[in-house]
There are 2 protein chains.
Amino acid sequence: MNMRNSQKSGEQQYLTPTQVADMFKVSPITVRQWSSSGKLKCQTTPGGHRRYLPSDIEEFAKTSGINLTTSESGPKRVLIVEDDAQLGHLLEEFISELDSELEVYRAEDGFRAGELLHTVHPDLILLDLMMPGMNGFEVCERVKRDNKTRDIKVVAMTGYSSEHNVNRILAAGAETCLSKPIDFAALRTILAPLTQQAHA
Amino acid sequence: MNMRNSQKSGEQQYLTPTQVADMFKVSPITVRQWSSSGKLKCQTTPGGHRRYLPSDIEEFAKTSGINLTTSESGPKRVLIVEDDAQLGHLLEEFISELDSELEVYRAEDGFRAGELLHTVHPDLILLDLMMPGMNGFEVCERVKRDNKTRDIKVVAMTGYSSEHNVNRILAAGAETCLSKPIDFAALRTILAPLTQQAHA
DNA sequence: TGGTAATTGGGTAATTAGGGAG
DNA sequence: TATGTCCTAATTACCCAATTAC
């Protein structure tokens with residue numbers, strides 16, 4: 001079970017030459033050249049090894065027009081935004097067992113949702129539209145408006161699926177809108193693309 | 001002996017190996033090597049673990065020719081978490097006029113707060129404890145528990161400042177707890193360190 | 001005060017990185 | 001322009017018991 005709950009902060013905020021090389025699909029030596037010629041900014045360790053910040057990489061990617069094959073290769077991540085503990089847990093279990101390769105995170109409030117959106121950068125969000133202090137429609141709109149997050153698929157969930165609400169959330173960029181109680185068969189179908197890629 | 005709690009309002013005077021490692025973009029193991037080979041001075045706890053003084057770090061950085069322009073550089077950022085539009089705007093105005101160098105952001109809901117926490121990584125958070133769908137105490141605890149955000153100062157604001165609540169938020173790691181209506185003179189004092197550094 | 005998870009130190013081996021000439 | 005190779009140095013991984021944080 002590859003379930004990753006809330007508090008995890010073992011991310012690395014710097015990149016080594018080989019990691020950068022992998023991102024651009026070139027050899028580490030080439031990355032070294034880019035740095036020594038000043039094309040790619042870098043910091044150095046006291047021992048003289050180069051360290052790269054994500055911002056430096058992005059800038060270089062834009063300047064040189066090379067598209068970076070970022071972390072598309074890693075395991076797929078799903079973020080569940082649901083304040084109901086019971087349903088939330090059920091969804092966690094269901095998705096984890098669908099594919100043990102999937103990393104499942106859950107936010108039980110808006111703050112946590114905002115945090116996880118940017119710290120784990122999920123591939124898909126299961127979003128409860130009706131949560132206290134959080135407007136699900138707005139959240140979806142914001143996700144789709146931000147360049148950094150617009151590639152994330154949003155699957156809405158609501159207990160009041162009026163035609164108006166469904167149209168509104170779809171217009172905001174959501175993939176689909178599931179009515180509660182959740183049809184798990186439908187959910188499985190929706191998640192199929194993620195599991196297929198994870199197995200590939 | 002609890003080192004984290006002993007640094008109530010100021011900076012931490014000792015740095016752990018991991019913290020030093022982050023500063024130099026290196027693994028903790030490497031820091032250990034620097035110390036055991038005598039390149040990096042250090043003190044030790046009674047149990048034999050290494051602790052570093054900022055002065056030791058600076059000296060080592062100079063010797064190695066590294067600029068310690070970690071994340072301390074750049075303009076200071078303040079995040080206001082307040083759902084009341086009127087008060088929120090007032091705070092924005094006040095802080096902006098206190099020092100035009102300060103960057104002021106505002107979150108009107110929990111989701112936005114979580115987003116901004118990680119996207120702008122503020123130096124200080126003005127946190128309303130009573131917001132719908134968001135437990136201010138929990139938020140503060142989470143901020144202080146995460147290595148990435150624990151250096152962020154938290155200033156709480158509440159309309160119901162019972163002694164119990166004040167103690168609870170201070171125990172969670174907040175700098176102070178302001179009662180509403182806000183005492184702007186007190187707020188100015190609290191923000192003084194930021195404005196001074198911004199001008200330096 | 002007691003319990004549990006995370007960090008640390010030591011030592012050795014494995015990996016990665018930098019520089020330069022091809 | 002990008003890369004493969006050689007040599008040396010810097011950095012990291014791994015193991016386990018002790019220490020520390022909360």
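The basis for the numbers below is simple: all heavy atoms, side chains too, and nothing from hydrogens, waters or symmetry mates.
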Same cluster (ILVMFWY, side-chain, under 4.5 Å), B:Leu178 and B:Leu127: no
Cluster overlap B:Ile152 with B:Val139, hydrophobic side-chain contacts below 4.5 Å: yes
Might you list the N or O atoms of the protein lying below 3.5 Å from N or O atoms in nucleotides 11-14 of chain D, with each pair's distance?
unit_1, atom_1, unit_2, atom_2, d
D:dT11, OP1, A:Thr45, OG1, 2.6
D:dT11, OP1, A:Gly47, N, 2.9
D:dT11, OP2, B:Trp34, NE1, 3.1
D:dT12, OP1, A:Arg51, NH1, 3.2
D:dT12, OP2, B:Ser27, N, 2.7
D:dT12, OP2, B:Ser27, OG, 3.2
D:dT12, OP2, B:Thr30, OG1, 2.3
D:dT12, O4, B:Gln33, NE2, 3.2

Exercise: identify the closest heavy-atom pair between B:His121 and B:Arg77: O-NE, 3.4 Å
Apply the side-chain contact (heavy atoms from CB on, under 4.5 Å) test between B:Leu126 and each candidate in B:Leu79, B:Leu187, B:Val104; give the one that qualifies. B:Leu187
How about A:Tyr52 and A:Phe60: are their ring centroids closer than 6.0 Å? no
Nucleotide range of DNA chain C lying under 4.0 Å from chain B heavy atoms: C:dT7 to C:dG11
Can you pull out every salt bridge (charged side-chain N to carboxylate O under 4.0 Å, His left out) where at least one residue sits in residues 30-50 of chain A? Sequence neighbours excluded, please. A:Lys41-A:Glu59
Enumerate the salt bridge (charged side-chain N to carboxylate O under 4.0 Å, His left out) contacts for residues 128-141 of chain B, please, sequence neighbours excluded, ordered by first and then second residue. B:Asp128-B:Lys180, B:Glu138-B:Arg142
Angle between the two end axes of the helix from C:dG3-D:dC22 to C:dG19-D:dC6, five base pairs per end, rounded to 10 degrees? 60°
Mind listing the side-chain donor-acceptor pairs of residues 163-170 of chain A below 3.5 Å, one per line with the distance, residues two or more places apart or on another chain?
unit_1, atom_1, unit_2, atom_2, d
A:Asn165, ND2, A:Tyr160, O, 3.3
A:Asn167, ND2, A:Glu163, O, 3.3

Would you say the side-chain atoms of A:Thr45 pair up with the backbone N or O of A:His49, donor to acceptor, closer than 3.5 Å? yes
Under the 3.5 angstrom rule, does the side chain of B:Ser96 hit a backbone N or O of B:Glu92 as a donor-acceptor pair? yes
